[in-house]
Amino acid sequence: MTKNPSILTAIKLASPYLLLQENGKVRLISTQVNVQIDGVIADVTVNQIYVNEDEKKLDAVYVFAGSTRAAVYAMEIRIGDRIIEAKVKEKQAARKEFEEARQQGKTAGLLEQHRPNVFQMEVTNIMTGDKVEVAMRYTETVEYRDAIYEFVYPGAVGPRYSKGDEEWVEMAVEQLIDIQPDFDMKISILSPVPVQSISSASHPISVDRPNEKQVLVSLANPLDKQGNGDFILRYGLQGKTVQSGMLTYGHPDGEQFFMLMVQPPAKPPIETIPPREYIFIVDVSGSMHGFPLDVAKQTLKNLISSLRPTDLFNVILFSFSAGILSDKSLPATKENIQK
């Protein structure tokens, strides 16, 4: 429990999860995550099942913390034969409609965005024995850094999502249910450029390659119930040569879209690199005399000596005035380097 009695209590310190407005017995049965990655765009579907095992009806808040790139575009809650489908409305109007449904004893939901990386949906009047099935869909771009693509599914909410003392991210949470729910993750990667390497730093995974453009990823041990931490998948596309490919998409209204990807090699052959021109600018003012200038001179020597004869270079020195090695950049021949 949190120190503030008015703060909601969480049944699980995970994401997504339900916050209850009072003590209650709601159990998370399972979480199923299906991810379709096309090029650099990930479309994620999260399906969760909860059961109200309490003797009274309950109100709750469904919280999902994602990345700042995530855009939630669909949310549906199924309770028995009732289906609550999220619709985009002006904030005040949506809140008014939700409160009216609550007062009438109807089961309703309200999806709101806390900030760019936190979404919540209020669910009211969950009856005793009700099975709550939540289906949420969002899309985001896959992060690319240091030649590696990385997809992260947030499995835990913590201080990284908080700007202070906020009810939906409090760490002092009692685990109301000791049973770890089922958790499964399935990812399909469709890439116009063949995936060269793939791994997960967080979970053991199984990898299947139906063809050169598709990779299927699943948990190697789905019964381990590892849904209490972030799932991290990293993969690389760099091969020995420049590779390119295109994915095409057709829209029901007749519009056509495409995604073109061009991937440089991990280490291009020297003969494939076009000639380059380098301009070295060196400070030779009084403050550089001694050790700083000696280091600058040695660095300049090392850099110029590594150039190819097809490359061009020039050197500009500046202090109170500027001096230049040559009016035009010089080929990096042995004679010019010695000069």
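Note: hydrogens, waters and symmetry copies are ignored here, and every other heavy atom, side chains too, is used. Since this is a predicted model, take the numbers as computed values, not measurements.
A salt bridge between Arg145 and Glu143 is present, with a side-chain N of the basic residue lying under 4.0 Å from a carboxylate O of the acidic one.
Asp294 and Gln298 share no side-chain donor-acceptor pair at under 3.5 Å. At a cut-off of 3.5 Å, with distance as the only test, a side-chain donor of Gln214 or Ser188 sits close to an acceptor on the other residue. Inspection of the Ser199 and Arg234 side chains reveals no N or O donor paired with an N or O acceptor under 3.5 Å. No side-chain N or O of Thr128 forms a donor-acceptor pair with one of Glu55 less than 3.5 Å apart.
Across every non-hydrogen atom of Ile77 and Val134, the tightest pair is CG1-CG2, 4.2 Å. Closest approach of Ala296 and Val282 over heavy atoms only: CB-CG1, 4.3 Å. Among all heavy-atom pairs drawn from Val193 and Met261, the shortest one is CG2-O, 4.0 Å. Considering every non-hydrogen atom in both Phe151 and Val142, the closest pair reads N-CG1, 4.2 Å. Nearest approach of Ile337 to Ala332, heavy atoms of both residues: CD1-O, 3.7 Å. Between Pro265 and Val242, the shortest heavy-atom contact is CD-CG2, 3.5 Å.
Inter-residue side-chain proximity for Leu325 and Phe280 is flagged as unmet; no heavy-atom pair is nearer than 4.5 Å. Under the 4.5 Å side-chain criterion, counting only non-hydrogen atoms from C-beta, Asn34 is not in contact with Gln36. The shortest distance between side-chain heavy atoms of Leu312 and Pro275 does not fall below 4.5 Å. In this structure the side chain of Val33 reaches within 4.5 angstrom of the side chain of Phe183, judged on heavy atoms. The shortest side-chain heavy-atom distance between Val284 and Leu293 falls under the 4.5 Å cut-off. Side-chain atoms of Tyr249 and Asp38, non-hydrogen and from C-beta on, do get closer than 4.5 Å to each other.
Pairs of residues two or more places apart, or lying in two chains, that qualify as ring-ring contact (aromatic ring centres under 6.0 Å, His included) and include a residue from residues 125-147 are Phe64-Tyr138, Tyr144-Tyr149.
Counted within 6.0 Å of CG on Asp327, heavy atoms from surrounding residues, nucleotides or ligands total 12 or fewer; the atom is thus considered open. Residue Phe258 qualifies as open at atom CZ: its count of foreign heavy atoms under 6.0 Å is 12 or below.
Counting only distance, with no hydrogens or angles, the side chain of Asn336 and the backbone of Pro331 share a donor-acceptor pair below 3.5 Å. Remark: the backbone N or O of Ile232 is not paired with any side-chain donor or acceptor of Asp230 at under 3.5 angstrom. Between the Ser197 side chain and the Tyr235 main chain, no donor and acceptor come within less than 3.5 Å of each other.
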**OP:** Could you please spell out the steps behind the side-chain contact (heavy atoms from CB on, under 4.5 Å) verdict for Tyr278 and Ile304?
**Re:** CA-CA 9 Å; Tyr278 298 85; Ile304 294 179; over 6 Å; no
**OP:** Could you check Leu300 against Phe313 for side-chain contact (heavy atoms from CB on, under 4.5 Å), going step by step and ending with a plain yes or no?
**Re:** CA-CA 11 Å; Leu300 184 61; Phe313 77 96; over 6 Å; no
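If you run side-chain contact (heavy atoms from CB on, under 4.5 Å) between Arg209 and each of Ile198, Leu216, Ile189, only Ile198 comes through.
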